[in-house]
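Notes to accompany the following structure.
Keep in mind it's a predicted model, so treat the numbers as computed, not measured. Letters A, B, ... mirror the listed sequences (proteins, then strands); counts begin at 1.
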Amino acid sequence: MSLNHAELEAIYLTVALASITTVLLLILGTPLAWWLSRRRGSIAATVEAIVAMPLILPPTVLGFYLLLMFTPDTALGRLWQQLTGTQLAFSFSALVIGSVVYSLPFVVQPLQSAFQRIPQGLLQAAATLGAPPLDQFRSIVLPLAKRSFVTAASLGFAHTVGEFGVVLMIGGNIPGETRVLSIALFDSVESLRFDEAHRLAAGLVVFSFGLLFLLYRSDRQQGWRVRA
Amino acid sequence: MSELRLHLTCRGDSGFTLQLDCALPARGITAVYGPSGSGKSTLLECIAGLRAPEPDSVIRLNGDTWQGQGSPVPPWRRGIGFVFQDARLFPHLDVGQNLDYAMARRSAPGTVTFGQVVAWLELDDLLARATATLSAGQKQRVAIGRALLSAPRLLLLDEPLANLDHAARQQCLRCLQRLSGELQLPMLYVSHDIEEVSQLADHLLLLDRGRLVEQGSLLELCSRLDTRLSHEEQAAAILTASVVQHDAVFDLTRLAVDGHELFVNHLPDQPGQARRVRIPARDVSVCRERPRDSSILNILPVTLSEIEETDSARVLLRLSLGSQFLLARITRKSAVELKLQVGDPIYAQIKSAALLMEATDTA
């Protein structure tokens with residue numbers, strides 16, 4: 001059983017998409033989760049609800065609106081076209097943006113609850129010892145929330161690997177550009193190449209199970225539960 | 001000009017508003033004393049910059065304005081140390097690393113070394129321990145050490161001994177007394193335990209429901225008849241004594257107070273050491289003649305220096321003993337029958353059992 005060129009291309013594309021998305025999610029999600037963890041009131045509640053929407057919306061709804069935003073006759077689409085000379089819809093970049101939105105709650109929520117568990121009193125103590133806010137974050141918050149960063153990154157990565165609806169709506173099925181694993185699988189089934197479909201499907205099952213197993217096992221050893 | 005200038009208005013958590021306008025000496029230990037909910041912790045948090053007072057407030061230490069015109073100085077640039085009631089050690093760092101955390105963030109070079117702090121606070125055996133394995137008393141000693149190592153100009157302590165058992169409290173008190181002797185570091189010490197205050201403080205700030213009731217030298221305030229302290233049931237005078245010798249046969253310690261001797265329960269202090277003894281007014285009675293064959297051990301010749309004017313059943317007397325003062329609470333009937341007059345030479349009898357307890361026990 002060996003993988004053909006199209007499959008390898010789909011695996012490469014999927015890993016690249018999930019990696020870039022995870023890095024972007026950690027960069028954007030950390031300050032957002034911190035802000036949400038320290039704020040009360042309806043502005044924070046509104047933002048929190050928007051972040052959580054991808055959890056319950058059908059991915060096609062998200063994909064549909066993103067697709068409309070990416071077309072060249074919107075402000076975003078036009079700006080992208082002027083900056084890069086290429087169309088945003090049906091591109092790898094569109095997939096990255098879509099994935100960031102789609103997987104955002106999987107990164108923000110574990111971080112937010114980890115940040116909320118850090119007592120304000122510890123940060124006050126750090127402040128009286130001479131630590132300014134960024135130093136407090138680096139020296140107190142990051143080490144105490146370390147495990148939740150691993151959880152958040154793993155869930156963000158795995159969820160991006162598993163997305164289908166959003167990709168189909170905004171990316172289509174372009175080999176080497178937007179044809180990720182889940183699309184390749186769908187494609188194989190549609191064209192009745194079941195042996196190829198089996199390989200891809202089984203691979204994704206093994207990958208997802210392995211990742212979650214490792215995550216939960218190390219959580220149990222730490223005595224903490226994942227709050228995703 | 002070594003003082004902490006405060007002009008503060010700040011809404012507290014439990015309905016009161018802290019309103020203060022005073023200058024405190026920025027040297028020695030100033031106790032902030034009062035019942036719960038009187039604004040003691042709120043005051044400390046305002047001074048530390050952890051809580052924002054109303055905009056017209058002023059906080060100034062030795063001419064440096066922390067709160068006043070312009071934006072307030074943030075806590076991490078005030079050069080304060082803060083010891084919280086719940087220690088707040090960093091759980092991901094061991095004891096030594098908690099201390100290092102403060103060392104690494106010193107704003108001023110400071111003269112206190114790591115080794116000195118470890119010795120004063122008896123932390124030697126704790127350095128490699130995880131903070132979760134420490135007892136409450138050990139945690140608090142580490143917290144005090146950590147605050148000292150940040151080389152503060154002012155140390156704020158918010159009921160640091162409130163959660164400790166008796167033995168741990170005694171050990172911490174001893175460490176704090178050692179620190180105030182070794183360091184020229186002004187401390188503001190919040191407490192609602194008068195015994196702690198009597199042992200430690202030089203200066204007293206008495207708060208009630210957010211207002212300043214009294215402030216001044218502790219020894220003087222405790223011996224005056226016209227202060228809030230003297231009207232409380234536990235009104236007591238504080239005498240400064242020195243340990244003379246231990247009496248092993250009877251398990252007592254002999255103290256000297258202005259040339260007079262005073263026996264108390266066996267104390268851990270070395271002969272020659274200074275020691276404060278708190279003597280509750282209700283345990284002191286007076287008589288005209290020195291009683292003979294009395295079971296009372298401590299009978300001191302005193303001069304009646306003041307009689308409280310009151311219509312109630314009991315009156316408070318201020319008795320001078322050399323340069324120091326005792327308080328006695330007796331019935332008004334006895335005062336009249338003894339024809340007590342200011343200036344009379346009389347004898348004060350101190351009910352031993354109570355004194356012995358007070359001298360050694362904080363419970």
Side-chain angles (χ1 to χ4, degrees), chain A residues 26 29-31 33-35 37-41 43-44 110-154 215 218-227, chain B residues 41 44-51 66 72-94 97-110 131-132 139-140 142-158 160 188:
Chain A
L26 288 176
T30 304
W34 179 252
W35 184 80
S37 74
R38 298 288 127 172
R39 284 292 288 261
R40 307 207 184 296
I43 296 174
L111 292 183
Q112 187 186 336
S113 70
F115 293 160
Q116 276 162 350
R117 282 197 300 266
I118 294 173
Q120 182 67 26
L122 290 183
L123 302 181
Q124 289 187 337
T128 63
L129 293 169
L134 259 180
D135 185 12
Q136 292 168 31
F137 189 81
R138 193 193 54 72
S139 61
I140 309 293
V141 177
L142 281 187
L144 286 176
K146 195 171 57 189
R147 299 200 36 76
S148 295
F149 275 96
V150 176
T151 305
S154 309
L215 201 58
S218 75
D219 271 342
R220 270 176 198 286
Q221 281 162 351
Q222 295 287 322
W224 290 67
R225 299 288 300 129
V226 179
R227 299 197 197 167
Chain B
S41 299
L44 247 57
E45 285 168 5
C46 286
I47 295 173
L50 298 174
R51 181 191 282 268
W66 286 344
V73 175
W76 53 91
R77 270 195 249 122
R78 292 195 182 192
I80 40 130
F82 202 121
V83 179
F84 299 89
Q85 189 174 342
D86 51 352
R88 303 193 185 174
L89 301 181
F90 302 129
H92 59 296
L93 304 177
D94 66 23
Q97 289 168 330
N98 264 279
L99 298 178
D100 288 338
Y101 191 96
M103 282 285 270
R105 287 166 178 77
R106 279 186 175 191
S107 54
T131 56
K139 278 186 187 158
Q140 215 48 274
V142 175
I144 295 168
R146 187 178 67 173
L148 286 180
L149 283 173
S150 70
R153 303 159 58 196
L154 173 67
L155 185 61
L156 307 168
L157 303 105
D158 190 3
L188 229 55

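- With a threshold of 4.5 angstrom between heavy atoms, B:R77 does not approach chain A through any atom at all.
- The CG atom of B:L50 sits 11.0 Å away from the CG atom of A:L123 when rounded to the nearest 0.5 Å.
- With a threshold of 4.5 angstrom between heavy atoms, B:R146 approaches chain A through its backbone and through its side chain.
- Contact record, B:Y101 with A:A131: OH-CB, 3.6 Å, taken as the closest heavy-atom pair.
- Here salt bridge (charged side-chain N to carboxylate O under 4.0 Å, His left out) pairs that include residues 129-138 of chain A, with residues two or more places apart or in two chains, are A:D135-A:R138, A:D135-B:R105.
- Between atom CE of residue B:M103 and atom CG of residue A:L129 there is a gap of 13.0 Å, rounded to the nearest 0.5 Å.
- Neither the backbone nor the side chain of B:L149 comes within contact range of chain A; no heavy atom of the residue lies under 4.5 Å from a heavy atom of that chain.
- Side chain of B:H92 to main chain of A:S139: a donor-acceptor pair is present (N/O by atom type, distance under 3.5 Å, no hydrogens or angles).
- Put simply, the side chain of A:Q124 reaches to within 4.5 Å of the side chain of B:F84, judged on heavy atoms.
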